[in-house]
Amino acid sequence: MIRVSDYERVVFFTGAGMSVESGVPTYRGPGGVWKEYDYEAYACQPAFDRDPTNVWEFHNYRRGLVGACAANRGHQLVAAAAEQVSVTVVTQNIDGLHQLAGTQEVIELHGSLWRVRCDACGAREEDREAPKAVLRCACGAWWRPDIVWFGDALDDASIAGAVSSIGACDLLVSIGTSAVVYPAAQLPLIAREAGAKLLEINPEPTPMSAIYDECMRGTATEMLEALCR
Ligand SMILES: [Zn+2]
């Protein structure tokens, strides 16, 4: 039985399954709320270049949905683990719920729904406004959601931060990520090469389950309750 308190430097690597119990909608699968939007058509740079108002309408809709969600017990347990051990969260989620629960060290591989950037002047801002009212930077150009969209490259600094913290951890806990796309499929391997213990938390097996030392099958919250006792 793995316990967080038996380790020193823990990385929680989280995906959509981490936020399911908060009610954060997923893009795919049954009950997806994106039916009225062709998601890929609204979350890519060409769409933004063509029609920023339309893309902002979609992202303000997302802000409204996600802004109504609270951090769940799992997010809180991850934040509380930092009282015992060094904790870094590497997340594929853009919902900001780890920070809301109080985790300090969060690397957001896919950006944040709550951050905007201006590609004209380089400005960046963070807010939790839903809907966001001011859609233009002080320089006059459009704010762009600071999210990794379809076709975007991942942010180099985020990748470097993730690789460095994962390479230095002694326990990697993957939570709620199906681990089939880059970098989800590669990052756990870095931990394994560095000699860390690897734990997967997910209700079902994933294509990457075989590389983990142990797998806990259940919801993020239930499994974290056991792991963080
Ligand atoms: Zn600007």
Side-chain angles (χ1 to χ4, degrees), residues 13-16 18-19 22-28 32-34 36-71 75 79 88-166 177 181-184 186-187:
F13 179 45
T14 66
M18 184 76 217
S19 296
S22 292
V24 172
T26 51
Y27 306 123
R28 298 183 182 85
V33 296
W34 311 113
E36 57 191 293
Y37 289 101
D38 178 359
Y39 177 57
E40 301 201 11
Y42 286 85
C44 65
Q45 188 69 45
F48 186 70
D49 294 341
R50 196 165 55 236
D51 193 347
T53 310
N54 223 14
V55 170
W56 259 113
E57 187 184 291
F58 173 61
H59 282 80
N60 265 334
Y61 169 64
R62 298 176 75 183
R63 278 185 171 225
L65 289 172
V66 175
C69 298
H75 293 108
T88 303
V89 168
V90 177
T91 188
Q92 299 167 84
N93 300 337
I94 61 169
D95 53 39
L97 292 178
H98 282 295
Q99 292 94 325
L100 210 56
T103 297
Q104 305 284 327
E105 295 296 322
V106 182
I107 296 170
E108 296 172 308
L109 292 174
H110 294 165
S112 172
L113 187 55
W114 308 111
R115 198 170 56 235
V116 292
R117 69 167 196 253
C118 174
D119 286 342
C121 75
R124 261 193 172 81
E125 273 187 21
E126 208 158 327
D127 65 75
R128 291 192 58 90
E129 209 186 340
K132 186 170 177 59
V134 178
L135 301 180
R136 282 182 187 270
C137 173
C139 81
W142 287 90
W143 284 125
R144 177 211 193 278
D146 197 9
I147 295 171
V148 176
W149 281 336
F150 289 98
D152 287 349
L154 296 184
D155 175 58
D156 287 341
S158 301
I159 289 287
V163 167
S164 139
S165 52
I166 289 173
T177 170
V181 290
Y182 179 83
Q186 281 77 15
L187 290 177

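Order of listing sets the numbers, starting from 1, for every ligand and every atom in it.
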- Do we see a donor-acceptor contact under 3.5 Å between the side chains of Gln92 and Thr177? yes

- Message: Could you tell me if Glu126 and Gln99 have a donor-acceptor pair between their side chains, going purely by distance under 3.5 Å?
- Response: no

- Leu109, Val89, Ile107 screened by side-chain contact (heavy atoms from CB on, under 4.5 Å) with Phe13, the one that passes: Leu109

- N, O or S atoms of the protein lying under 2.8 Å from the Zn ion (ligand 1): Cys118 SG, Cys121 SG, Cys137 SG, Cys139 SG

- Pi-cation contact, Trp143 with Arg124 (under 6.0 Å, within 45°): no

- Item | Aromatic ring proximity, centroids under 6.0 angstrom, Trp149 and Phe48 | yes

- Task: Please round to the nearest 0.5 Å and tell me the distance separating atom CH2 of Trp142 and atom OG1 of Thr53.
- Result: 3.5 Å

